[in-house]
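Reviewing the structure listed below.
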Number of protein chains: 2
Amino acid sequence: MCTRKILTMRKSFLFLDTVANKVDAKGRVSLPADYRAIVKELSTEIVCYRSLTAPCIEGCTEDLLEKLATDIENSTDFFSETQDDLTNLIFGDAKRFSFDSTGRIMLTEKLLKHADITDTAVFVGKGRKFQIWSEANWAAEEARLREKIKLNRPSLKEESK
Amino acid sequence: MCTRKILTMRKSFLFLDTVANKVDAKGRVSLPADYRAIVKELSTEIVCYRSLTAPCIEGCTEDLLEKLATDIENSTDFFSETQDDLTNLIFGDAKRFSFDSTGRIMLTEKLLKHADITDTAVFVGKGRKFQIWSEANWAAEEARLREKIKLNRPSLKEESK
DNA sequence: TGGTATAACATGGTATTTTATGGGAATCAA
DNA sequence: TTGATTCCCATAAAATACCATGTTATACCA
């Protein structure tokens, strides 16, 4: 409630945190309350699509896709042909999801299957976007990321010593 | 109180000092008054996440993360793999914390555990960020830091002698 | 300068509100 | 009808706002 008020005044629209919510028999999942606050504030909608690179669902506000589309329109050189292809894939796959009065969305079979999600959906904030993972896949992914950071930033390793 | 006035007039928004506050059974801790003044002044919120390099919690204003999100957006392309990994780690772990009318935030189990905090949280200012340590871990860390400085800057050793 | 009144703060406790989640009725399409 | 989707209600747990108190720090005055 406090959050909502502050979001009303400011412009901070970051998807944060990691939340695990249950997927019930009907396929319903609660969108984390913080995420809902963002959607309401921006008067936009949630859009989800299969991640192109990982076994997870990716989501963002429709606003962001709008921005992406505009960027592509306006600059021919900024986006490579490959990226253009990727964009087509995303737009083709993306679907709009609105939540009911209790804050739940209903993910499709296609998405759930791509992410190996059966009974629990893990929402992972990514700033302007977020991802939805199965518990097992996310555990593996997080481990991979933390390992990678250690290797790529020896200076950090040094500091922690 | 004097602090607040100065903050109002100047643009000095540094987290300073070291303050030890109690963590109650529910995980509530008073955010140091000076820190709260900064948050209010900037009309932002506090965001905390597990330090990547040390057994402590790290915190900053949401503004700072906003800036980071924008920088990442602009510096790399929409589909960059590095961007993907980085954003997952940072934003996925970060959580927004708003304090109640008495100035307390409620830290999560995950964060407290990472920092070995049970009953006392030590807030350590770091300028734009701050850290939260357990008493024991902070004592060790401070000793380590002071020792390191001595070795790296013999001139200081000379003076203190 | 010293002493006292005042305000701010940390902290324990309690009440109220959100939120996640299960289940049922209503709506709609095949 | 059947199967699925949307809407609404109920509830338990968790998060949040609010109240009260002792203590400390600050401001004020003699």
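All of these numbers come straight from a predicted model, not from anything done at the bench. So that the names make sense, note that chain A is the first sequence line, chain B the second, and so on, each numbered from 1. These values consider heavy atoms only, across backbone and side chains, with no hydrogens, waters or symmetry-generated copies.
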Check ion pair [X]-[Y] (N to O, under 4.0 angstrom):
| X | Y | result |
| --- | --- | --- |
| A:Lys95 | A:Glu45 | no |
| B:Asp71 | B:Lys67 | yes |
| B:Arg28 | B:Asp100 | no |

Can B:Gln131 and B:Trp133 be counted as having a side-chain donor-acceptor contact under 3.5 angstrom?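 The answer is yes; a qualifying pair exists.
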Tell me the interatomic distance from [X], atom [atom1], to [N], atom [atom2], rounded to whole angstroms.
| X | N | atom1 | atom2 | result |
| --- | --- | --- | --- | --- |
| B:Ile46 | D:dT16 | CD1 | C1' | 18 Å |
| B:Asp24 | D:dG22 | CG | P | 18 Å |
| A:Lys22 | C:dG23 | NZ | C1' | 14 Å |
| A:Phe123 | C:dT21 | CZ | C1' | 13 Å |
| B:Asn21 | D:dA25 | CG | P | 12 Å |
| A:Asp34 | D:dA15 | CG | P | 12 Å |
| A:Tyr35 | C:dA20 | OH | C1' | 15 Å |

A:Ile105 near the nucleic acid: base, sugar-phosphate alone, or nothing, with a heavy-atom cut-off under 4.0 Å?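 Touches nothing.
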Given side chains that start at C-beta, do those of B:Leu16 and B:Asp34 come closer than 4.5 Å, heavy atoms only?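 No. Closest side-chain heavy atoms not under 4.5 Å.
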Would you mind reporting whether B:Val19 and B:Val122 have side-chain heavy atoms less than 4.5 Å apart?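 A side-chain contact under 4.5 Å is absent here.
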How does protein reach along nucleotides 6-12 of chain D, written 5' to 3' as B (base within reach of a heavy atom under 4.0 Å), S (only sugar-phosphate), or - (no contact)? BBBB---
Look at B:Arg96 and D:dT16 and indicate whether a side-chain polar atom (N or O) is within less than 4.0 Å of OP1 or OP2.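 No.
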Among the candidates C:dG22, C:dT21, C:dA10, find the nucleotide nearest to the side-chain atoms of B:Ala33.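 Nearest listed nucleotide: C:dA10.
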Quick one: sort the B:Tyr35 and B:Phe123 rings into parallel, tilted or perpendicular, breaks at 30° and 60°.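 Perpendicular, since the angle between the ring planes exceeds 60°.
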Pick the nucleotide of DNA chain C nearest each of A:Leu31 and B:Ser30; which residue has the one closer to the 5' end?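 Between the two, 5'-proximity favours B:Ser30.
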